Protein chains: 2
Amino acid sequence: MTLESSNLTKNQQTVLNILEKSTEPLKAYAILFDIQKKGIKSPLQVYRALDKLIEIGKVHKIESRNSYIACKHEGCNAKTSTAFLICEKCDNVTELKRNNLLSYFSKQAEKDNFQYRKHNLEIYGLCNNCKLKN
Amino acid sequence: MTLESSNLTKNQQTVLNILEKSTEPLKAYAILFDIQKKGIKSPLQVYRALDKLIEIGKVHKIESRNSYIACKHEGCNAKTSTAFLICEKCDNVTELKRNNLLSYFSKQAEKDNFQYRKHNLEIYGLCNNCKLKN
DNA sequence: GACCGTAATGTTATAATATTACATATCATA
DNA sequence: TATGATATGTAATATTATAACATTACGGTC
């Protein structure tokens with residue numbers, strides 16, 4: 001299987017389906033409980049599928065929440081770099097897609113003689129919905 | 001105890017001391033094992049101290065590594081917002097201190113009608129030392 | 001098709017990280 | 001000295017993630 005192909009294996013496809021259907025990020029064990037009927041029985045099977053999906057850029061991890069989200073952007077640079085808006089009230093997460101972040105961070109890092117490879121940005125606050133409800 | 005004071009309790013001070021002496025971020029259980037001689041016996045005591053230290057801005061959590069680092073910056077805005085350079089080779093972590101990140105992210109978030117409160121940025125790559133060794 | 005190497009799978013056990021629950025103690029201050 | 005908020009101690013447990021090992025599937029190539 002080449003890295004860029006969409007030839008996912010059964011377990012990988014099963015996990016991706018769950019994430020794509022979800023309107024919110026999911027935790028690994030939530031995924032596991034959801035799909036125990038589909039032949040996936042152990043945490044490791046989920047984690048392995050997640051690792052692969054992350055590697056090929058189909059899924060990202062929200063580090064501060066230990067949760068996982070399917071990437072909606074085709075052909076973005078998110079294989080390596082990610083940015084999220086995380087609502088602290090409703091836990092909604094949206095992926096920020098601005099390509100200039102990468103070059104901006106790359107320059108910031110260079111100022112400290114640091115060789116940029118990738119980044120993860122998590123912004124916390126209130127989503128539009130929750131702002132209006134207040 | 002007021003929030004801005006440096007009146008740390010014994011446990012809090014013990015944990016902070018360990019982190020300040022360390023040249024690298026520490027994990028909660030590493031802290032625990034280090035200080036079991038000083039009266040701290042359970043994970044919870046460490047986590048509670050960490051929570052407080054994070055709340056008052058003395059310590060930050062590196063989310064993607066589940067590790068904790070003492071803040072070297074006096075009076076920075078890091079009570080809420082943080083940015084790190086993380087070396088993938090030697091695991092060295094340095095805190096980025098650029099105040100304009102906050103306003104930059106705040107504006108980025110606004111474009112999506114998102115009300116910014118704080119952020120965490122983790123940049124991965126090679127530190128200067130490791131670059132030179134290659 | 002037979003062979004080979006790489007990647008994925010299945011399974012059990014366990015490690016690593018973090019929190020709940022509840023009883024008690026400390027401390028500032030009214 | 002009574003009160004309320006904060007911190008502590010302790011045991012148990014929940015949550016997140018990986019190690020170890022045996023086996024199977026799959027793609028390329030001879």
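Just so we're on the same page: letters track the sequence lines, and every chain starts at 1. Predicted model, so just to flag it, every value in this text is computed and none were measured.
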Sequence neighbours excluded and cut-off under 3.5 Å, please list the side-chain donor-acceptor pairs for residues 15-22 of chain B, or say none.
unit_1	atom_1	unit_2	atom_2	d
B:N17	OD1	B:Q13	NE2	3.1
B:N17	ND2	B:Q13	O	3.4
B:S22	OG	B:E24	N	3.0
B:S22	OG	B:E24	O	2.4

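Within residues 34-51 of chain B, the residues approaching DNA chain C are B:L44, B:Y47, by heavy-atom distance under 4.0 Å. Listed in residue order, the members of residues 14-33 of chain B having a heavy atom less than 4.0 Å from DNA chain D come to none.
Summarising the geometry, the separation between CD on B:E55 and C1' on D:dA5 is reported as 13 Å, rounded to the nearest angstrom. Computed from coordinates, the B:L8 CG to D:dT6 P distance equals 16 Å when rounded to whole Å. Distance B:R65 CZ to D:dT18 C1': 16 Å, rounded to the nearest Å. Here D:dT15 presents its P atom at 20 Å from CD of A:E63, a figure rounded to the nearest Å. Distance, A:Q13 CD to C:dA7 P: 20 Å, rounded to whole Å.
OP1 or OP2 of C:dA18 lies within a sub-4.0 Å distance of a side-chain N or O belonging to B:K61. A sub-4.0 Å separation between OP1 or OP2 of D:dG9 and a side-chain N or O of B:N11 is present. The side chain of A:K52 places no N or O atom within less than 4.0 Å of a non-bridging phosphate oxygen (OP1 or OP2) of C:dA7. Note on A:T9: a side-chain N or O is less than 4.0 Å away from OP1 or OP2 of C:dT9.
Within the 4.5 Å cutoff, the side chain of A:I86 has heavy atoms near those of the A:R65 side chain. A heavy-atom distance below 4.5 Å is found between the side chains of B:Y68 and B:V59. Considering only heavy atoms from C-beta on, B:F105 comes within 4.5 Å of A:L121 through its side chain. Proximity of A:N66 to A:K61: side-chain heavy atoms (C-beta onward) are separated by under 4.5 Å at one or more points.
Under a cut-off of 6.0 angstrom, the local environment of NZ in B:K38 is sparse, with at most 12 non-hydrogen atoms contributed by other residues, nucleotides or ligands.
Each of A:I35, A:I31, A:D34 was compared with A:I40 under the side chain to side chain contact (heavy atoms under 4.5 Å, CB included) criterion, and only A:I35 meets it.
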What do the steps show when you test A:Y116 against B:Y124 for ring-ring contact (aromatic ring centres under 6.0 Å, His included), and what is the final call?
CA-CA 6 Å; A:Y116 174 98; B:Y124 308 87; 9.2 Å; no

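There is a side-chain donor-acceptor pair under 3.5 Å between A:H60 and A:E95.
Taking every side-chain heavy atom of A:N66 into account, D:dA17 is the closest of D:dA17, D:dG9, C:dA18.
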